[in-house]
Amino acid sequence: MEEKDPVRNKMEDEENTQSKVTLSGLLNFIDRIWSACGGERLVVFTTNYVDKLDPAVIRRGRMDKHIELSYCCFKAFKVLARNYLDLDSHELFETIARLLGKTNMTPADVAENLMPKSVIQDAESCLKNLIEALEEARVKAEEEAKLKSEEVEKFKAEREKEKDQSAS
């Protein structure tokens with residue numbers, strides 16, 4: 001029985017999983033959507049990396065409206081608290097405002113924490129859930145930043161070591 005080369009198999013697997021869409025193909029697809037419209041249509045494209053998109057994709061006429069969805073600020077939180085908990089103010093709002101200033105959390109995640117999970121859960125317990133989630137998100141973000149910083153320092157040290165070795 002013939003053994004298969006594991007390196008070649010891995011390369012073939014990677015080729016099969018990578019996208020085969022070209023920029024030209026994407027632009028043709030988008031332009032066909034627009035030309036097929038008999039009336040007005042709303043088509044939503046999303047990305048976390050708009051700065052990495054080719055300008056041809058996001059030019060006027062192809063993408064007419066650009067909306068940036070940011071993290072939740074205190075003003076948006078107050079709207080969510082009014083909608084979900086029927087609250088305009090609470091003693092925990094100050095803590096939440098402070099945490100939202102330090103922590104990135106989407107409005108959807110804030111809303112999920114504000115939604116009562118049962119009929120016996122009150123507004124205060126929902127606010128405490130949000131505070132706990134914000135604290136956890138802050139700690140996680142700090143840990144990730146620390147790990148990233150350590151990786152950068154390790155990479156710099158390795159580069160310096162390589163420079164020293166090549167110089168000698």
Side-chain angles (χ1 to χ4, degrees), residues 17-156:
T17 59
Q18 289 180 351
S19 175
K20 306 283 187 202
V21 177
T22 64
L23 176 61
S24 176
L26 176 65
L27 296 176
N28 285 330
F29 171 76
I30 293 169
D31 292 341
R32 281 191 206 130
I33 290 174
W34 295 168
S35 65
C37 294
E40 291 186 28
R41 294 213 182 171
L42 178 66
V43 179
V44 178
F45 293 87
T46 63
T47 182
N48 289 335
Y49 306 101
V50 71
D51 53 318
K52 293 183 179 182
L53 293 176
D54 189 286
V57 175
I58 58 174
R59 72 166 171 77
R60 290 278 172 210
R62 191 168 276 133
M63 301 285 172
D64 291 325
K65 187 75 174 172
H66 299 230
I67 302 171
E68 181 180 340
L69 302 175
S70 63
Y71 293 109
C72 193
C73 63
F74 184 66
K75 185 176 178 181
F77 157 76
K78 286 180 73 173
V79 171
L80 293 169
R82 190 176 321 110
N83 290 343
Y84 287 101
L85 303 173
D86 200 26
L87 286 177
D88 288 318
S89 66
H90 190 279
E91 61 187 23
L92 294 174
F93 276 24
E94 186 176 319
T95 303
I96 292 169
R98 181 180 50 79
L99 288 168
L100 283 171
K102 296 179 188 177
T103 310
N104 290 336
M105 185 175 276
T106 65
D109 288 331
V110 170
E112 181 181 339
N113 284 286
L114 291 178
M115 278 189 245
K117 306 294 187 266
S118 68
V119 292
I120 58 171
Q121 195 172 24
D122 64 350
E124 185 162 340
S125 65
C126 292
L127 293 174
K128 287 180 180 178
N129 286 344
L130 175 59
I131 290 170
E132 187 177 313
L134 285 165
E135 288 285 0
E136 289 173 7
R138 182 185 57 79
V139 168
K140 184 178 177 183
E142 287 173 358
E143 289 172 354
E144 287 174 356
K146 182 180 176 184
L147 285 173
K148 188 172 184 176
S149 174
E150 289 171 356
E151 287 176 7
V152 167
E153 289 303 316
K154 183 179 176 182
F155 178 75
K156 286 180 182 178

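Every value quoted in this text rests on a predicted model; they were computed, and no experiment measured them.
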Can you give me the closest heavy-atom contact between Ala137 and Thr103, atom names plus distance? CB-CG2, 3.6 Å
Just jot down the side chain to side chain contact (heavy atoms under 4.5 Å, CB included) partners of Lys156, sequence neighbours excluded, or say none. Val152, Glu153
Are more than 12 heavy atoms, taken from residues, nucleotides or ligands other than Lys140, located less than 6.0 Å from that residue's NZ atom? no
CG of Leu127 to CD1 of Ile96, rounded to nearest 0.5 Å, is 4.5 Å
Suppose we screen for ring-ring contact (aromatic ring centres under 6.0 Å, His included). Which residues come up paired with Phe45, at least two apart in sequence or across chains? none
Please list all pairs passing the salt bridge (Lys or Arg N to Asp or Glu O under 4.0 Å) test where one or both residues lie in residues 76-91, with sequence neighbours left out. Arg82-Asp88
For residues 123-134, which residue pairs qualify under salt bridge (Lys or Arg N to Asp or Glu O under 4.0 Å), counting only residues two or more places apart or in two chains? Glu124-Lys128
With the side chain counted from C-beta on, respond yes when Asp54 and Leu26 share a heavy-atom pair under 4.5 Å apart, and no when they do not. no
Test of understanding: with side chain to side chain donor-acceptor pair (under 3.5 Å), list the residues that count as partners of Asp122, not counting sequence neighbours. Ser125
Side-chain donor/acceptor pairs under 3.5 Å, residues 106-114, sequence neighbours excluded:
unit_1	atom_1	unit_2	atom_2	d
Thr106	OG1	Asp109	N	3.1
Thr106	OG1	Asp109	OD2	3.1
Asn113	ND2	Asp109	O	2.8

Quick one: CG on Leu80 to CG on Leu87, what's the gap to the nearest 0.5 Å? 12.0 Å
Look at Arg138 together with Glu135 and state whether they make a salt bridge at an N to O cut-off of under 4.0 Å. yes
Sequence neighbours excluded, which residues qualify as side chain to side chain contact (heavy atoms under 4.5 Å, CB included) partners of Leu69? Ile67
Answer yes or no: are there more than 12 heavy-atom neighbours, outside Leu147 itself, under 6.0 Å from its atom CG? yes
Applying side chain to side chain donor-acceptor pair (under 3.5 Å), name anything that partners Gln121, two or more places apart in sequence or on another chain. none
Partners of Glu136 by salt bridge (Lys or Arg N to Asp or Glu O under 4.0 Å), sequence neighbours excluded? none
Pairing residues for Tyr49 by the side chain to side chain contact (heavy atoms under 4.5 Å, CB included) criterion, not counting sequence neighbours: Thr47, Asp51, Lys52
Look up atom CD1 in Ile58 and atom CG in Leu53, then write down how far apart they are to the nearest 0.5 Å. 5.5 Å
Can you confirm whether Leu130 sits close enough to Met105 that some side-chain heavy atom of one is under 4.5 Å from a side-chain heavy atom of the other? yes
Pairs satisfying salt bridge (Lys or Arg N to Asp or Glu O under 4.0 Å), at least one member in residues 93-105, at least two apart: none
Could you give all pairs that pass the ring-ring contact (aromatic ring centres under 6.0 Å, His included) test and reach residues 66-88, with sequence neighbours left out? Phe74-Phe77, Phe77-Phe93
